[in-house]
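Worksheet: one structure, shown below.
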Number of protein chains: 2
Amino acid sequence: MDQTTPASSPMANAADKAASISDAGPAAPTTGTPAFSPLYQQIKGLILQSLQAGEWKPGDLIPSELELAGRFRVSQGTVRKAIDELSADNLLVRRQGKGTFVATHSEQQVQYRFLRLEPDSGNRASQGPAERQILDCRRLRAPAEVARMLGLRSGEPVFEVRRVLSFQGVPTILEDLWLPGDPFKGLSSETLANHQGAMYALFESQFGVRMVRANEKLKAVAADAESAQTLGVAPGFPLLSVERVAYTYNDTPMEYRRGLYRTDHHHYHNELS
Amino acid sequence: MDQTTPASSPMANAADKAASISDAGPAAPTTGTPAFSPLYQQIKGLILQSLQAGEWKPGDLIPSELELAGRFRVSQGTVRKAIDELSADNLLVRRQGKGTFVATHSEQQVQYRFLRLEPDSGNRASQGPAERQILDCRRLRAPAEVARMLGLRSGEPVFEVRRVLSFQGVPTILEDLWLPGDPFKGLSSETLANHQGAMYALFESQFGVRMVRANEKLKAVAADAESAQTLGVAPGFPLLSVERVAYTYNDTPMEYRRGLYRTDHHHYHNELS
DNA sequence: CAGTGGTCTAGACCACACT
DNA sequence: GTGTGGTCTAGACCACTGC
């Protein structure tokens, strides 16, 4: 970043840098919308790139604000604002006195960040940990709908996993999920079965895939014969259907999931604001 | 706020003010946890008080940051951080060049902020506006569960409303809702029926009650005979049960609502992060 | 043009964690 | 004590809105 004159005022300096990142020409914005982007947004983008590139892995301590400020040639306040937003997006976690860390699904604290099913009485702690059972895991060519949801071409290899989650011995969730074959090369029933804790923690540690956000579509459906048997309910029993697409950095879809939840002793919790 | 010496350094000054707001005594914190609260949090609290007191009503322009900074004797940056958080909580809306406004449910933009049901194909705009039908509105003594949810004593007066929402002529949502009698004095079927737009907009304009956040519990249930007839489905048809408690400023519960959603052509949308 | 929110900087001090 | 993030201030300039 060329700095000709050390700048008379702070902002003139900052404007130079912003221009040097977004624009190429010396001046004269020809576009109707000059696409002005604040410096801190550009810094945010640079940090995001490092996260995507795996320069800092989940759980890692990233450089201090002052160090990043030096690296990017901006003030600490600007780095702070960038980290503020990344922290609000759950990509980074700040800990006063210690530093800023890359968020991870492995912390006990956020083990079930994406599982919104809760017992009607008591809390998650009181019902004990979920019991996981892998029913199936196979590699196959993506059916049309799965391919569409994962942004793949029909027929590209994917992994298909079927599993059951039970609480206090009661089978409660039956899920099918599909993962793109390339990033998850080597996935097997054994890998899944041998792992304790949330599945997304395994994806992080074994495949370097961090799920960042997800969209869900919920419907009420009647249990078919097979699902009913697996979940221990009568056919036709009302089940909560949860269809999820989960994304990693960059809004790349990395998982398509279809779940059937028993809601006779649990409910799906949601907070609106 | 007493300021003896104009302060040698900025922060010493700020610390004085913080102490003058939270503490009463001159010094010597006796409690084990001094309950340190940042200045901007205190400012946030003061702004919140003005909102609760109705000093600024939904849609109103509030004083500029500079003016508030002067009023509270803090810097603009501190007011800014307070407003940042209130804005993130959807209590205020900033508009560059114009000012900061009290958020409202009346804007077309956020008409359906709390309604998460979406058509399976197309979007909300394509299906046209919801058709609202009030089936019943009566004043009665709160049943035990309703009282519990609203933080009232059993038997205190509440309003009970039953309504149906239809999309493109298809009855899709059947809802019962309960409102505390005192704040909603004068509510009637006519009031509700004559109003166009979201119900929460009516609550704002007619009763000065602004809903700020809500918790929902979702379950899949089978339609009983009455619900089935109203919604035009067969008894036993799977419906999405949505139980909601909505809160105004101050986390005071102001509405308890139970809805049954048809999800054969719609789904409940949720974003996880 | 003035007024508003939005961005950026520089520097000070506080609260917290480790050593 | 040192280093980290957290808070606060003061001042400058940018981008947008409306007179």
Side-chain angles (χ1 to χ4, degrees), chain A residues 1 3 6-23 29 32-44 61-70 72-88 92-101, chain B residues 1 3 6-22 29 33-44 61-70 72-88 92-101:
Chain A
M1 304 178 193
Q3 269 178 260
S8 55
S9 76
M11 190 47 195
N13 190 3
D16 285 353
K17 283 175 198 154
S20 76
I21 294 179
S22 57
D23 297 349
T33 52
F36 165 76
S37 174
L39 243 191
Y40 76 86
Q41 287 286 3
Q42 303 177 40
I43 303 302
K44 186 181 173 184
L61 173 68
I62 75 170
S64 74
E65 296 179 351
L66 231 36
E67 193 175 333
L68 289 174
F72 298 134
R73 315 294 293 271
V74 298
S75 78
Q76 185 192 11
T78 300
V79 171
R80 167 168 291 274
K81 183 145 189 177
I83 292 181
D84 275 347
E85 293 205 353
L86 291 166
S87 184
L92 297 177
V93 176
R94 330 184 73 142
R95 288 187 219 162
Q96 185 173 141
K98 299 174 82 172
T100 302
F101 298 79
Chain B
M1 303 177 192
Q3 267 178 260
S8 54
S9 76
M11 190 47 193
N13 190 2
D16 285 351
K17 284 175 200 155
S20 75
I21 294 181
S22 58
T33 52
F36 164 75
S37 172
L39 242 192
Y40 75 87
Q41 287 286 3
Q42 302 176 40
I43 302 301
K44 186 181 173 183
L61 173 68
I62 76 169
S64 74
E65 295 178 352
L66 230 36
E67 194 176 332
L68 289 174
F72 298 134
R73 315 295 294 269
V74 299
S75 77
Q76 186 193 12
T78 301
V79 171
R80 166 167 292 273
K81 183 144 188 178
I83 293 182
D84 276 347
E85 292 204 352
L86 291 167
S87 184
L92 296 177
V93 176
R94 328 184 73 141
R95 289 186 218 165
Q96 183 173 146
K98 299 174 82 171
T100 303
F101 299 79

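Worth knowing before you read on, the calculation uses all heavy atoms, side chains too, and leaves out hydrogens, waters and symmetry mates. Letters A, B, ... are given to chains in the order of the sequence lines, protein chains preceding strands, and every chain is numbered from 1.
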**Report entry** Near-strand residues of residues 76-85 of chain B, defined as heavy-atom separation under 4.0 angstrom from DNA chain D
**Finding:** Thr78(B), Lys81(B)
**Report entry** Interatomic distance where CZ belongs to Arg95(B) and P belongs to dT17(D) [whole Å]
**Finding:** 11 Å
**Report entry** Nearest-Å distance for atom pair CD/C1', residues Gln42(B) and dT7(D)
**Finding:** 12 Å
Report task. Let me know the distance between CG of Leu39(B) and C1' of dA12(C), rounded to the nearest Å. Result -> 15 Å
Query raised in the report: Out of dA10(D), dT7(D), dG5(D), which has the shortest distance to the side chain of Ser75(B)?
Result: dA10(D)
**Report entry** Rounded interatomic separation in angstrom, taking NZ from Lys44(B) and C1' from dT7(D)
**Finding:** 15 Å
Report summary line: The reported gap from NZ in Lys81(B) to OG in Ser75(B) (rounded to nearest 0.5 angstrom) is 11.5 Å
Requested in this report: Quick one: the dot-bracket string of DNA chain C, using Watson-Crick and G-U wobble pairs with both distances under 3.5 Å, [ ] for crossing pairs and | for bases paired to another strand.
Outcome: ||||||||||||||||||.
**Report entry** Name of the residue among Leu68(A), Asp84(A), Leu39(A) meeting side chain to side chain contact (heavy atoms under 4.5 Å, CB included) with Val79(A)
**Finding:** Leu68(A)
**Report entry** Euclidean distance, Ile62(A) CD1 relative to Phe101(A) CZ, rounded to 0.5 Å
**Finding:** 9.5 Å
Can you check nucleotides 15-18 of chain C for protein contacts, nitrogen or oxygen pairs under 3.5 Å, and list what you find?
| unit_1 | atom_1 | unit_2 | atom_2 | d |
| --- | --- | --- | --- | --- |
| dA15(C) | N3 | Gln96(A) | OE1 | 3.0 |
| dC16(C) | O4' | Gln96(A) | OE1 | 3.1 |
| dC18(C) | OP1 | Lys98(A) | NZ | 3.4 |

Requested in this report: When you get a sec, tell me which of dG5(D), dC8(C), dC8(D) is the closest nucleotide to the side chain of Thr100(A)?
Outcome: dG5(D)
Report task. Give me the one residue out of Thr78(B), Ile83(B), Leu86(B) that meets side chain to side chain contact (heavy atoms under 4.5 Å, CB included) with Ile43(B). Result -> Thr78(B)
Report task. Could you tell me the separation between the CG atom of Leu68(B) and the C1' atom of dG3(C), rounded to a whole number of Å? Result -> 15 Å
Query raised in the report: Which atoms form the tightest heavy-atom contact between Leu61(B) and Lys98(B), and what is the distance?
Result: CD1-O, 3.9 Å
Query - Atom-to-atom span, CG of Leu66(B) to P of dG5(C) - whole angstrom - result: 8 Å
Query raised in the report: Under 4.0 Å: is that the gap between some side-chain N or O of Arg94(A) and OP1 or OP2 of dG6(D)?
Result: yes
Report task. Over all heavy atoms of both residues, which pair between Arg80(B) and Arg94(B) is shortest? Give the atoms and the distance, please. Result -> O-NH1, 3.8 Å
Query raised in the report: How many Å lie between CZ on Phe72(A) and P on dC8(C), as a whole number?
Result: 14 Å
Query raised in the report: Taking atom C1' of dG5(C) as reference, at what distance in whole Å does atom CG of Leu86(B) sit?
Result: 15 Å
